[in-house]
Amino acid sequence: MTRWCACSADGDPTRTLASVGAREQTRQGRLAFGLLDEPGAASAPVEAAGVTAVGEVTLFNAAALRSSLGRDAPRSDCSAIELLLHCYARFGLAGLAQADGMFALAIADGSDLVLVRDHTGARTLFHARAHGTWLASTSLRAVHRWPALDSGLNLSAVRSFLTFAYLPGTETLLRGIREVLPGRCLRLRADGSSKEEVFWEPREVADERPAADHAHALRALLEEATARRLPEGEPAAVLLSGGVDSSLVTALARKLHDQPVRTYSISFGDTLPNELGYSGLVAAHCHTEHRVLTVAGETVAARLPDTVALLDSPVGDPLTVPNRLLAEAVAADGMPVVLNGEGGDPVFGGPKNLPMLISELHRDDPDPRARAMAYLDSYRKCHADLPVLLTGDVLAELDGAPHPADLVEPYLRQGGMHSLLNQLLHANLRTKGAHHILTKVERITAASGLEGRSPLFARPVIDHAFRIPPRWKLAGTTEKWVLKESVRDLLPATVVDRPKSGMRVPVQQWLAGPLRELGNDLLLSRATRQRGLFRPDTIRSWLRKEGTLLPRHGGKLWLVLTLELWLRSFDVGG
C-alpha cells in the first residue's frame, strides 16, 4: 500500500522527491514521480498512450470506457490508471469526465505537471511551490516534510476548521500547501503559473417526468452503482447503521451479489442510546452475517491521537475512532473492500438542510452574504464562539483574511442551480462531501488496507439527483422521499419510514469520563498556551462546563481537542 508524489523542477527533481522520502523514482525531463510508504493505492509510475503518470486509480465503469475508445482501447488486462490515461490522451477533459471512479493522479504533459482529482473527491491531492519547484502528493505529510517549504500554521484555515469541523476549499492547515478541488484538472507550469480546468460539476437539469419515472430510473442507477462496487468473487462487507442509506446499500448488495454479505454495526454500550434494533432488523431481513462492535469510551481515548494523525486535514467528527475500529474489524475478517451508505444526505437532501430552509422563510436581508452567514450558523460549531475562543493576537491577524462564508457563498447564489434545495445540496456535496465524508472514509479504510466505496456518491447517481425536481427530494416534511420510494420494496417499512435520528455519539460522557484527563492535559498544557491560539480562560471554562455552551458543549470541545491533537501529530507551532 503506497501513496505517490510528483515534482517539477529546473534542476534535478528526483532530489526533491528523495528529500520527502520518495522511492522508485522515475524522471522525465524536469518532471519526476515517486512512491511513498504510506497507506494508499498508488501504482508505480506508468507510461500509456504516450504519457507518463503516477496515481491512485479505481474505476467502476472500465467496460464503458474501453467501449468509448473502440479500436484504440488498451489490452483488457491493463491497469485502471493505464485505461484512464488512454481516455485522457484521446478525449482530454471529456475522457476524465466520463469515468466513474476514485482517482488522484499526476500526468507529465510536456513540461507541465497536470494534477487530476476525481469528480466527488474520493481521493485527495495536495500541492505546493517553493524556490521555483512544484511538489504534489496524495500525502499532506510528505509535502510538509519538504525542507524547502516554510509551512507554518495557516490561521485562516484554523478559523475555517472551527467553523465547519473540517476544511472546505483549497486551504490546508499548513501555510503554502493547497488541496486540488474535486472534478478539477490543475496544470502546473514551469514558469510558476498554474491553470485550473473543470471537467465535471453537478448541473441542475429540468426534467418534469412523473415521480414514479424518476424513482424507477434512480433505482436502476443505484443497482448499477452498487453492483460495480461489489468485490468480484469475494464476500461483501457493508457498514450498517440502520438508517435508510446504509440499509438500502445492504439490501442492494444482498440482491446483486453472488457471495455472502457481511454487515457491521456499532454499539456504545447497553446503557446508551443506539440503533441496533434497526440495524438488526435490516440484517435479519437481508439475511446477512451481522456483527456488532461495542466501542468503549476508554478505547476511544486510547485510539484518538493516532487516529487523528491519520488524517491529512482534521475532521471534528467523534465517529472517527469508531469508524477506524469498524474498518479494522472488516479487515481482520479478510475483506478487501467495504461499502457504506455515505452520500444520502448531501445528494438527496437530509434533515440537516432544514435549519437553512426555515431560515430562508424568515430571511429579510436580500444580500446573498446573509444566506451564506446563515449556512455557517446552521453548522452550530464554534463560529459564534470565535471572539471568546481565539486570542486577541490571532483575531487581529485574521483581520482582512478571507472569511469562511466565501467558501459557500458561490454555491448559494442563483446560478447553475436555481432552487434553494439544490443550491444547498451543491454546497453540501462540494464542501462536507468532498472534504469531510469521503476524505475520512478514504484515510480510515486505507489505514487498514481496505478500500471504502460509497455507491450513493457515484457520479451517475449524482447527475440524476440534480434532474429530479426538488419537490420530490423534500416532499412535504419527508426528506429524501424519492430515494426512499426507489427502494421501498427492498426494506421493511419501519426502516424506510423511520424518522432520521443519526448516530447518537456519547461525546459528553466521553469528555466527562475517559477523555477528561487527555482533554485537560492537552488543552491546559504549556505547549498549547505557547502556541497562542486559544484563550486559556475560555478553555478552562469549557472544561468545567461553564458558560452558555450547553447542549453543544461536547461537540465544540471535541473540535478544539481534535485540532490540538492534529497540530501535535504534524509538529506545527504557532
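Reckoned from all heavy atoms, side chains included, excluding hydrogens, waters and symmetry mates.
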Side-chain donor-acceptor contact under 3.5 Å, Ser194 with Arg178
no

If the condition is salt bridge (Lys or Arg N to Asp or Glu O under 4.0 Å), which residues does Arg184 pass it with, not counting sequence neighbours?
Glu196, Glu201

Do Ser241 and Ser246 have side-chain N/O donor and acceptor atoms under 3.5 Å apart?
yes

With sequence neighbours left out, which residue pairs that include part of residues 174-205 fulfil the ring-ring contact (aromatic ring centres under 6.0 Å, His included) condition?
His119-Phe199, His119-Trp200

Would you please name every residue forming a ring pair (Phe, Tyr, Trp, His ring centres under 6.0 Å) with His257, sequence neighbours left out?
none

So the salt bridge (Lys or Arg N to Asp or Glu O under 4.0 Å) pairs with at least one residue in residues 148-169 (sequence neighbours excluded) are Asp150-Arg175

So, using salt bridge (Lys or Arg N to Asp or Glu O under 4.0 Å) as the criterion, who are the partners of Arg229 when residues are at least two apart?
Asp100

Spacing of Leu429 atom CG and Asp345 atom CG [to the nearest 0.5 Å]
12.5 Å

With ring-ring contact (aromatic ring centres under 6.0 Å, His included) as the rule and sequence neighbours excluded, what pairs involving residues 57-93 come up?
none

My understanding is that only residues two or more places apart in sequence, or in another chain, count here; which of them pass side chain to side chain donor-acceptor pair (under 3.5 Å) with Asp317?
His436, Lys440

Not counting sequence neighbours, list each pair that qualifies as a ring-ring contact (aromatic ring centres under 6.0 Å, His included) and has a residue in residues 131-163.
His144-Phe570

Examine the side chains of Arg123 and Thr58 and answer whether a donor and an acceptor come within less than 3.5 Å of each other.
yes

Considering residues at least two apart in sequence or located in another chain, which fulfil the side chain to side chain donor-acceptor pair (under 3.5 Å) criterion with Ser68?
Gln98

d(Ser448 OG, Met335 CE) to nearest 0.5 Å is 13.5 Å

Who passes ring pair (Phe, Tyr, Trp, His ring centres under 6.0 Å) against Phe164, sequence neighbours left out?
Tyr166, Tyr379

Please enumerate all residues that pass salt bridge (Lys or Arg N to Asp or Glu O under 4.0 Å) together with Glu171, with sequence neighbours excluded.
none

I'd like to check the salt bridge (Lys or Arg N to Asp or Glu O under 4.0 Å) partners of Glu47; sequence neighbours left out, ordered by chain and number.
none

Between atom OG of Ser160 and atom NE2 of His403, what is the distance when rounded to the nearest 0.5 Å?
9.0 Å

Thr528 side chain to Glu564 side chain, donor-acceptor N/O pair below 3.5 angstrom
yes

Whether over 12 other heavy atoms sit under 6.0 Å from Arg189 CZ:
yes

